[in-house]
Every structure is written in structure tokens, then in C-alpha cells.
Amino acid sequence: MVLLCSDDRLNRDALATLAELRHQWPAAELILSTFTSIGPDGALRPPDSADHHDRLSRQTALIEPDRFVPALLELGSLNGNLTGMAFRRELWRRAGRFHDHWRHAADWEWLIRAAEQGPLLLNRRPIAAVRTHDDQLSNANRISGHELPEIAAVVGQLRRHDLLRHEPRRHRWAAHLMQFQLWNLLKQLRRG
């Protein structure tokens with residue numbers, strides 16, 4: 001299964017790239033790809049996912065759960081978008097579905113459950129272009145405050161996670177993520 005948000009686009013060689021990656025790394029049931037970022041008109045803009053992905057690996061690599069789950073708290077939602085996530089149907093069955101009632105952080109929460117199932121492949125060759133614009137759902141969630149309870153739930157889940165139990169920086173990472181949410185909330189309050 002490959003996910004693609006409605007206003008994003010897959011590269012022409014996306015499916016061939018994914019097939020090649022599955023052949024090279026058969027143990028990976030989930031492929032998380034770095035993506036190209038584009039503006040509303042399709043023009044290139046600074047990449048949204050590349051910096052966080054660089055901190056995990058600068059090249060395509062298999063990432064074990066004991067490294068990936070802590071990174072979800074240290075760096076936040078590593079995919080930042082549904083587009084380009086590719087996974088086997090069996091992983092979807094074992095990890096479970098996205099939370100149907102969540103509007104913002106369901107993919108981030110699902111990545112925790114998916115990573116618990118085994119290693120994932122971080123693909124550094126972009127297979128998609130993700131469009132950023134003022135009308136996207138993540139902006140609406142930020143303005144309305146709908147993202148806050150979901151992000152707080154994911155951060156709490158990660159702070160208590162077995163793979164982070166002995167990580168002394170987990171509270172600082174969690175505080176950093178929640179400070180960012182507080183800053184967003186204060187900006188919205190100032191705007192009325």
C-alpha cells in the first residue's frame with residue numbers, strides 16, 4: 001500500500017523505486033521516504049522532511065525500532081505527511097488502523113505501532129512531492145487547536161514507551177514538542 005494525499009504527487013518512478021527497495025530490503029515492511037516539498041504553484045521550496053531524516057541517516061538504511069521510536073519523540077513526526085508512506089498489508093493488519101476520529105496526528109501515532117513490529121526502511125530518494133499551502137488540513141488544525149490534544153496524546157505515549165524508559169532526555173524532548181504547541185496556541189490567541 002502506498003499513501004498519497006490529494007494535493008501531492010508521486011514521481012514518475014515512484015512505484016519502480018518502491019519495488020526496487022522492497023527487493024533490496026525484504027525485511028522492511030514499512031518504507032518511509034524523504035520527499036520533495038513544493039508550493040501551491042508546484043515550485044520547489046526548502047524540503048520539510050530532509051533535516052530530520054538526515055539525523056537518522058543520510059543514506060537509505062534500515063532503522064531498528066530501538067532507534068526509530070526514540071527519534072519519534074526527539075524529532076517529532078518524522079514523516080510529517082502521509083504521502084510516500086508505503087507498507088505491506090500484513091503490517092497494517094498487525095499494527096492496526098489509524099485512529100479514525102483523529103484529524104492531525106494519526107499517522108505519527110500509527111508510526112509508533114508500526115515501528116514496534118520490526119525495522120523500517122528510511123528511503124532517502126524522494127518518491128513524491130508534497131504540496132504546502134495555506135488551505136492544507138494541518139494549518140486548519142493548528143489554527144483551530146484540534147492538533148493539540150492529539151499531539152499531547154502521542155507525546156505522552158512516547159514518554160511512557162518501553163523503548164524510551166531508560167532515555168534520560170525523553171522529558172526534555174517532550175517538553176520541547178509541547179513548548180512548540182504552546183507557542184502556536186499563543187500565536188492563535190493573539191490573532192483572536
Side-chain angles (χ1 to χ4, degrees), residues 1-22 28-56 60 63 68 71-72 75-89 91-92 95-115 120-155 177 180-181 183-185 187-188 191-192:
M1 299 174 81
V2 180
L3 300 182
L4 179 68
C5 290
S6 60
D7 52 357
D8 301 337
R9 65 174 187 233
L10 285 177
N11 297 346
R12 286 192 176 114
D13 62 347
L15 297 180
T17 298
L18 289 171
E20 178 186 323
L21 292 169
R22 285 190 65 189
E29 293 184 287
L30 169 63
I31 300 172
L32 189 64
S33 296
T34 302
F35 52 78
T36 304
S37 295
I38 56 175
D41 59 355
L44 286 175
R45 54 184 303 277
D48 288 332
S49 63
D51 290 340
H52 285 161
H53 289 184
D54 282 348
R55 295 193 45 198
L56 271 180
T60 298
I63 310 294
F68 187 75
L72 286 171
L75 303 172
S77 176
L78 282 164
N79 59 317
N81 196 289
L82 293 171
T83 291
M85 285 176 58
F87 46 87
R88 294 188 181 158
R89 193 168 287 144
L91 174 63
W92 179 255
R97 301 167 44 115
F98 292 145
H99 292 314
D100 291 334
H101 60 284
W102 282 28
R103 295 170 43 172
H104 186 79
D107 53 340
W108 188 11
E109 191 279 334
W110 184 82
L111 279 175
I112 300 168
R113 289 184 277 130
L120 66 87
L121 185 67
L122 180 64
N123 169 33
R124 297 312 312 270
R125 186 169 45 173
I127 63 165
V130 171
R131 194 176 310 272
T132 300
H133 54 87
D134 290 340
D135 296 326
Q136 66 192 52
L137 182 59
S138 59
N139 286 336
N141 288 337
R142 188 173 305 112
I143 291 166
S144 69
H146 281 104
E147 72 175 8
L148 187 57
E150 294 177 19
I151 289 174
V154 174
V155 169
L177 290 171
F180 182 74
Q181 292 305 307
W183 175 244
N184 280 335
L185 186 61
K187 282 195 300 189
Q188 296 313 316
R191 292 180 185 155

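Atom set for the values below is all heavy atoms of this structure, side chains included, hydrogens, waters and symmetry mates excluded.
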Discussion item. Would you compute the distance between atom CZ of R124 and atom NE2 of H53 and round it to the nearest 0.5 angstrom?
Written reply: 7.0 Å
Worksheet entry | Euclidean distance, L78 CG relative to N81 CG, rounded to 0.5 Å | 13.0 Å
Worksheet item: Side chains of M1 and L91: does their closest heavy-atom pair fall under 4.5 Å?
Response: no
Item to complete: Please work out whether the ring planes of F98 and W110 are parallel, tilted or perpendicular, with thresholds of 30° and 60°.
Response: perpendicular
Worksheet item: Does some side-chain heavy atom of F180 sit less than 4.5 Å from a side-chain heavy atom of I151?
Response: no
Worksheet, complete the sentence: The residue among L120, I63, L121, L122 that forms side-chain contact (heavy atoms from CB on, under 4.5 Å) with L30 is L120
Worksheet item: Which of these passes side-chain contact (heavy atoms from CB on, under 4.5 Å) with M85: V2, L111, I31?
Response: L111
Worksheet entry | Exercise: identify the closest heavy-atom pair between S37 and P46 | CB-O, 3.4 Å
Fill in: Exam field: side chain N123 to backbone T60, donor-acceptor pair closer than 3.5 Å
no
Discussion item. Quick check: do W102 and D107 have side-chain heavy atoms less than 4.5 Å from each other?
Written reply: no
Discussion item. Testing the basics here: between A71 and L56, what is the closest heavy-atom pair and its distance to 0.1 Å?
Written reply: CB-CD2, 3.8 Å
Worksheet item: Of all heavy-atom pairs between H104 and E150, which one has the smallest distance, and what is that distance?
Response: N-OE1, 2.7 Å
Fill in: Point-to-point distance, once rounded to the nearest 0.5 Å, from CG of L3 to CG of D8
11.0 Å
Worksheet item: Are any side-chain N or O atoms of R88 and backbone N or O atoms of E29, one a donor and one an acceptor, separated by less than 3.5 Å?
Response: no
Worksheet entry | Distance-minimising heavy-atom pair for P126 and T36 | CB-OG1, 3.6 Å
Worksheet item: Taking all atoms of both residues into account, what is the closest heavy-atom pair of G76 and L177, and its distance?
Response: CA-CD2, 4.1 Å
Discussion item. Keeping T83 on the side-chain end and C5 on the backbone end, is there a donor-acceptor pair under 3.5 Å?
Written reply: yes
Item to complete: Look only at the side chain of R131 and the backbone of R9, and say whether a donor-acceptor pair between them is shorter than 3.5 Å.
Response: no
Fill in: Main-chain N/O of L72 paired with W108 side-chain donor or acceptor, under 3.5 Å
yes
Item to complete: Might you point out which heavy atoms bring N11 and A129 nearest each other, and give the distance in Å?
Response: OD1-N, 4.1 Å
